[in-house]
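To start, the structure itself, in structure tokens.
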Amino acid sequence: MLKGKILRVYPVCVFLMMINLFLINDSWKFNISFNPYGCFKHGPPPIVTDGFESKNLLKEGPFKFLPDFKNPCFYDNESRLIKSLRCLPYFFIAGFPKCGSTDLWKRLSYHPEIVTLHPKESSFFDGRRFHLDHAWTFEDFIDTFQKDAEVIRKNSTYNKSETLLFHKLITGEASVNTAAMNDLWYKLPENSGLKEPRYTNANYLRHLIPQVRLIFIMRDPTERLWSEYVYSARANCFQASSEDFHELMLESISRFQNCLQNYSEKSCVYNFTIDTFKGRLRTGLYVMHIMDWLRVFPRDQVLFIRTEEYEIDIPYTLKRIFKFLDIGSPPDDIFKQMVECERQNVQTFKGNISTKTKILLDNFYKPYNYRLSNLLGEYSMQKNN
Ligand SMILES: *[C@@H]1O[C@H](CO)[C@@H](O)[C@H](O)[C@H]1NC(C)=O
Ligand SMILES: *[C@@H]1O[C@H](CO)[C@@H](O)[C@H](O)[C@H]1NC(C)=O
Ligand SMILES: *[C@@H]1O[C@H](CO)[C@@H](O)[C@H](O)[C@H]1NC(C)=O
Ligand SMILES: *[C@@H]1O[C@H](CO)[C@@H](O)[C@H](O)[C@H]1NC(C)=O
Ligand SMILES: *[C@@H]1O[C@H](CO)[C@@H](O)[C@H](O)[C@H]1NC(C)=O
Ligand SMILES: *[C@@H]1O[C@H](CO)[C@@H](O)[C@H](O)[C@H]1NC(C)=O
């Protein structure tokens with residue numbers, strides 16, 4: 001029984017452990033040790049030496065993507081003895097955490113034109129590349145798609161009335177912290193000396209995969225945050241309670257408001273010292289992050305989905321995604337499987353957020369939700385208006 005529990009919790013813990021390891025600021029970083037339940041226990045903060053070596057992603061590429069591949073693939077001749085096909089993701093589910101991306105990813109993985117032989121999240125842009133001890137290089141990131149590349153390479157068809165083989169399969173990524181997590185932006189050479197980031201994950205992705213299609217799935221930010229807190233409690237072995245959550249949110253909101261007194265709004269949105277590992281208030285300021293993505297990506301490369309609408313009508317949302325990704329509708333039996341597959345990552349915690357905290361957070365997020373709905377036109381996070 002215990003073994004089963006560890007196996008279930010383990011991936012969650014590895015993910016949270018990764019988040020923790022690249023946060024360098026002492027107030028945020030905490031000691032992690034495994035306990036028998038596969039969670040972490042928090043000890044005093046370790047002494048952190050600032051060993052961070054920035055990897056300049058802007059020096060990578062541009063890649064010569066092959067015209068007979070739908071997916072962004074290229075031949076890597078320089079760094080390897082044998083010519084090998086390298087593929088990058090055609091699409092990214094770039095945000096947001098605790099909004100249903102795991103469920104969506106699972107369903108998409110049934111699609112015959114989507115190859116998903118790698119884990120859902122590499123967390124390369126938001127984390128792995130900053131890892132203190134063994135930071136990933138961009139090559140490491142590309143390596144994660146090597147099995148997918150093989151399948152994409154082997155699978156080709158002749159276009160109608162053409163003599164050239166065309167490789168139509170695609171692959172994707174669903175590192176949902178890509179959208180909002182740029183915690184070490186100020187360490188990057190491109191942002192050196194700045195008071196707020198000029199380069200965020202959006203810029204790196206645009207540089208590396210200019211045509212990448214981006215999916216943002218967003219949920220009521222108050223609900224999102226409560227869900228993140230409950231999830232974090234399970235992974236980090238602290239007792240979730242609505243009172244603890246309330247205190248935490250009062251603290252985070254007050255830090256944010258204090259920050260605004262002396263720093264720009266953008267600077268505070270990107271300042272991770274506002275939050276704790278238990279839950280990140282800043283993530284739900286969707287509009288602030290989306291603005292940065294829309295600054296560098298054309299609108300038609302971006303798809304917005306509301307979790308609330310997704311849950312009500314999964315078939316409709318999936319069809320929207322097929323259209324957006326320019327892939328065919330799968331055969332009926334597969335589509336049925338996609339629609340009917342078991343819901344993923346469902347919250348099992350029984351407690352509820354207290355009404356006072358809900359009001360507190362709803363009020364905090366309200367102006368940002370409003371700005372988001374203005375930015376996206378038809379899009380609205382407000383449930384009742
Ligand atoms: C093959 O057809 C696809 C669309 O089905 C098109 O996007 C692609 O450019 C074509 N490839 C070639 C090599 O003509
Ligand atoms: C890599 O090698 C292949 C075949 O050997 C060649 O067609 C291609 O142009 C080369 N690519 C680069 C970037 O040199
Ligand atoms: C190519 O992919 C399609 C769809 O996934 C599959 O039906 C077909 O068997 C594949 N062909 C090869 C040669 O891998
Ligand atoms: C903001 O700056 C003022 C003046 O420099 C200082 O007195 C105050 O403590 C600062 N507030 C915060 C929250 O840093
Ligand atoms: C984040 O905010 C703290 C004060 O709350 C400030 O000391 C720190 O310099 C800020 N970090 C950045 C990168 O602006
Ligand atoms: C939480 O809320 C749901 C629905 O609003 C309710 O059915 C449930 O009893 C509540 N749970 C607790 C522990 O209060």
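Counting starts at 1 for both ligands and their atoms, in listed order. Note that the structure is a prediction, hence the values are computed from the model and not measured.
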Look at atom 11 (N) of ligand 6 and say which protein heavy atom is nearest, naming residue and atom and giving the distance to 0.1 Å.
Asn352 ND2, 3.0 Å
Those atoms of ligand 5 less than 4.0 Å from some heavy atom in Thr273:
1 (C), 2 (O), 3 (C), 5 (O)
Ignoring hydrogens, just give me the one of Tyr263, Trp185, Tyr186, Phe256 whose non-hydrogen atom is nearest atom 6 (C) of ligand 5.
Tyr263
Do you see a protein non-hydrogen atom under 4.0 Å from atom 4 (C) of ligand 6?
no
Answer yes or no: is there a donor N or O on one side and an acceptor on the other, between the side chain of Arg213 and the main chain of Phe92, under 3.5 Å?
no
Taking heavy atoms and a distance under 4.0 Å, where does Tyr270 meet ligand 5: side chain, backbone, both or neither?
neither
Taking the six-membered ring for Trp, is the centroid-to-centroid distance between Phe256 and Phe364 below 6.0 Å?
yes
Taking the ring of Trp185 and the ring of Tyr199, is the distance between their centroids below 6.0 Å?
no
Please say whether Asn271 places an N or O atom under 3.5 Å from an N or O atom belonging to ligand 5.
yes
Is it true that Arg255 and Asp275 make a salt bridge, defined as a side-chain N closer than 4.0 Å to a carboxylate O?
no
Near-ring test His118/Trp105, centroid separation under 6.0 angstrom
yes
Salt-bridged, Asp103 to Lys106, with N to O below 4.0 Å?
no
Counting only heavy atoms on the protein side, is anything nearer than 4.0 Å to atom 14 (O) of ligand 6?
yes
